[in-house]
Amino acid sequence: LILRWLVVIPFALLVALSAGLIAFFIASAIVPELGLLVGAGFQALIASVFDEAMAGSDPTGRLFTAFALSGRLALAIFVLPVMVVALACEVFGLRSGLVQITGTGALAALLPLAMLQLGRSPTAAEGRVIAALFFTGAVIGLFYWLIAGRKAGRRPAVSAPVSPGS
């Protein structure tokens, strides 16, 4: 059990997050709005850093702010969903791949929306981005489940064998 928590689960998280990153790049290529969102974000970051540097200011503060926001979004899309669902599955003994995949996908799609506090119905383009985020989370959940999720949770107590003569 300790080996599972110290080796298997962290390994499963690393593999799942790597697969999720690949799925995110594939989704960015398939869903133009997601690709534009990511590309425009990086383009704006680079442009603002160079503009500030060309003006003679130190762009370090802007870089830290941009990396902090990027880190929070990456945490909300990639890391938190799989960790929350994996912990819930471990605690409650849920071994269903469907729970792992849909739970992680749903959280990956909804947590960034909660961070951005979208107070209206999403547009069609935003819906495609949400679907791409769900796909990314579902891939993460699938890979986690394949490695560690199928054996999640508590094991049934093994009772002592009953001898036939008693």
(message) Is it true that, when you exclude Phe143 itself, more than 12 heavy atoms of the residues, nucleotides or ligands shown sit nearer than 6.0 Å to its CZ?
(response) no

(request) Locate the shortest heavy-atom distance separating Glu33 from Ala125; write the atom from each residue and the value. (result) CG-CB, 3.6 Å

(message) If I take atom CZ from residue Phe134 and atom CD1 from residue Ile130, how far apart are they, to the nearest 0.5 angstrom?
(response) 12.0 Å

(request) Could you grab the distance from atom OG1 of Thr102 to atom CG of Leu107, nearest 0.5 Å is fine? (result) 9.5 Å

(message) If I compare all heavy atoms of Val85 with all of Gly103, which pair ends up nearest, and what's the gap?
(response) CG2-C, 3.5 Å

(message) Could you see if Ile101 belongs to whatever hydrophobic cluster contains Val84? Use Ile, Leu, Val, Met, Phe, Trp, Tyr and a side-chain cutoff under 4.5 Å.
(response) no

(message) Can you confirm whether Val79 sits close enough to Leu17 that some side-chain heavy atom of one is under 4.5 Å from a side-chain heavy atom of the other?
(response) yes

(request) Kindly give the heavy-atom pair with the smallest separation between Ala108 and Leu133, and that separation in Å. (result) CB-O, 3.6 Å

(request) Is it possible for you to say whether Ile77 and Leu111 belong to one hydrophobic cluster, with membership spreading through side-chain heavy-atom contacts below 4.5 Å? (result) yes

(message) Please confirm whether the ring centroid of Phe24 lies under 6.0 Å from the ring centroid of Phe78.
(response) yes

(message) Return the CD to CG distance between Gln43 and Leu36, rounded to the nearest 0.5 Å.
(response) 10.0 Å

(message) Working to the nearest 0.5 angstrom, can you tell me the gap between Leu146 CG and Gln100 CD?
(response) 10.0 Å

(message) Out of the candidates Val15, Ile9, Leu13, only one should pair with Ile147 under the side chain to side chain contact (heavy atoms under 4.5 Å, CB included) rule; please name it.
(response) Val15

(request) Answer yes or no: is there a side-chain heavy-atom contact under 4.5 Å between Ile140 and Pro81? (result) no

(request) Verify the cluster assignment for Phe92 and Tyr144: are they in a single hydrophobic cluster under the rule of side-chain heavy atoms below 4.5 Å apart? (result) yes

(message) Please give me the minimum heavy-atom distance between Arg95 and Trp145, naming the atom from each residue.
(response) O-NE1, 2.8 Å

(message) Once side-chain hydrogen bond (donor to acceptor under 3.5 Å, both in side chains) is applied, do any residues pair with Thr60, and if so which ones, sequence neighbours excluded?
(response) Asp58

(message) I need the minimum non-hydrogen distance between Val31 and Ala132, along with the two atoms involved.
(response) CG2-CB, 3.9 Å

(request) Write down the atom of Ala23, the atom of Phe135, and the distance for their closest heavy-atom approach. (result) O-CE2, 3.6 Å

(message) With rounding to the nearest 0.5 angstrom, report the CD to OG1 distance, Glu126 to Thr123.
(response) 3.5 Å

(request) Starting at OG of Ser48, measure out to CG of Leu63 and round the result to the nearest 0.5 Å. (result) 7.5 Å

(request) Treat each ILVMFWY residue as a node, draw an edge where side-chain heavy atoms are under 4.5 Å apart, and state whether Val82 and Leu94 are in one component. (result) yes

(request) Examine Leu14 and Leu87 and state if one hydrophobic cluster contains both, with Ile, Leu, Val, Met, Phe, Trp and Tyr joined whenever side-chain heavy atoms are less than 4.5 Å apart. (result) no

